[in-house]
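Atoms within a ligand are numbered from 1 in the order they appear, just like the ligands themselves.
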Amino acid sequence: MAFPIHRPRRLRANDTLRRMVRETGLSTNDLIYPLFVIFGKGVKKEISSMPGCYQMSVENIVKEAEKAYKLGIPAIILFGIPEHKDAKASQAYSPKGIVQQAIKAIKNKVPELMVITDVCLCEYTDHGHCGIIKKGKVLNDPTLELLAKEAVSHAKAGADIVAPSDMMDGRVSAIRTALDSSGFEEIPIISYAAKYSSAFYGPFREAAESTPSFGDRKSYQMDPANRREALKETSLDIDEGADIVMVKPALSYMDIISDVKESFDLPVAAYNVSGEYSMVKAAAKLGWIDETKVMMEILTSLKRAGADMILTYHAMDAAKELNK
Ligand code: PBG
């Protein structure tokens, strides 16, 4: 039975009715706000390819974190730009590292805000790769030890959740074991489970100063053409102890978000990455799109695809919109 019995437009007649039949809701609770912390004092330097995002020194990060929490955003994720980079990424696991300092300062001022840390070496290595290099190759197993040290050092500084983004095999289990043996068995792991080798990370690499000095990340990050492999990656991370699984990037990978949500019973995070953000900003600046409407549509569609939480540089603007 079809028209004229069925008229889907009946349920779209006015806003109140549309609210009643709306299938997906977006709330400030869904947002995770990425922040870039850098050495120095009084630094707040806009990232040219990511308008509205800044590299900030610790005291400015604390202020931003406070603002985020006041707007109802439950969590931030921290990325660090260290003072020195070297082959072993020493600053990644130094107790005096920039992320470690930021965690302490934030937890001191806004203890209720969940502080997530990105666990990876690329911001800390002089070559910009996510692992130890030998003869031009990124070594898997020797890298695990450093990632585990980094995660424990974040936990010691007071991080609430750690999020490995390196895509080495076995990192979740290495990190889980290290956390447990250091008394941090209650710290959850968000694994970047299906992380693709994506050109959408371009602006982030300016922000985090983490562009690889040679080659690319294709030998560790996933091939954008692969769908079933995402389920394999995710199930391995779950077996190793991941508490939340992430799909990254988000917009070109909504099929993956949906597959992961359907296939597993863990919370799913989606990373609305830098390039996705910058495209919206650029088009809006040119007057080609309505920034706020496009932003809300993107975030809502990620929820619809199956994301339970969204890492997004739009977090502050979206929270302001949701609080209206
Ligand atoms: C670190 C890392 C990257 C991003 C998050 N963590 C960059 C990369 O893998 O090159 C990208 C985030 C973004 O583009 O917003 N490995």
Inset, instruction - Could you tell me which residues satisfy salt bridge (Lys or Arg N to Asp or Glu O under 4.0 Å) with Asp180, sequence neighbours excluded, listed by chain and number? - result: Arg176
Legend entry - Face-on cation placement of Lys248 at Tyr192 ring, 6.0 Å and 45° thresholds: no
Legend entry - Parallel, tilted or perpendicular: rings of Tyr271 and Tyr313 (30°, 60°): tilted
Legend entry - Cationic tip of Lys195 above Tyr201 ring, under 6.0 Å, 45° of axis: yes
Tabulated below should be the N or O atoms of ligand 1 paired with protein N or O atoms at under 3.5 Å; can you produce that?
from: ligand 1; atom 1: 6 (N); to: Lys248; atom 2: NZ; distance (Å): 3.3
from: ligand 1; atom 1: 9 (O); to: Lys195; atom 2: NZ; distance (Å): 2.7
from: ligand 1; atom 1: 9 (O); to: Gln221; atom 2: NE2; distance (Å): 2.9
from: ligand 1; atom 1: 10 (O); to: Arg205; atom 2: NE; distance (Å): 2.7
from: ligand 1; atom 1: 10 (O); to: Arg205; atom 2: NH2; distance (Å): 2.7
from: ligand 1; atom 1: 10 (O); to: Arg217; atom 2: NE; distance (Å): 2.8
from: ligand 1; atom 1: 10 (O); to: Arg217; atom 2: NH2; distance (Å): 3.3
from: ligand 1; atom 1: 14 (O); to: Ser274; atom 2: N; distance (Å): 3.3
from: ligand 1; atom 1: 14 (O); to: Ser274; atom 2: OG; distance (Å): 2.7
from: ligand 1; atom 1: 15 (O); to: Ser274; atom 2: N; distance (Å): 2.8
from: ligand 1; atom 1: 15 (O); to: Tyr313; atom 2: OH; distance (Å): 2.5
from: ligand 1; atom 1: 16 (N); to: Ser165; atom 2: OG; distance (Å): 3.4
from: ligand 1; atom 1: 16 (N); to: Lys195; atom 2: NZ; distance (Å): 3.0

Inset, instruction - For the residue pair Ser198 and Gln221, confirm or rule out a side-chain donor-acceptor distance under 3.5 Å. - result: no
Legend entry - salt_bridge(Lys232, Glu229) N-O dist < 4.0 Å: no
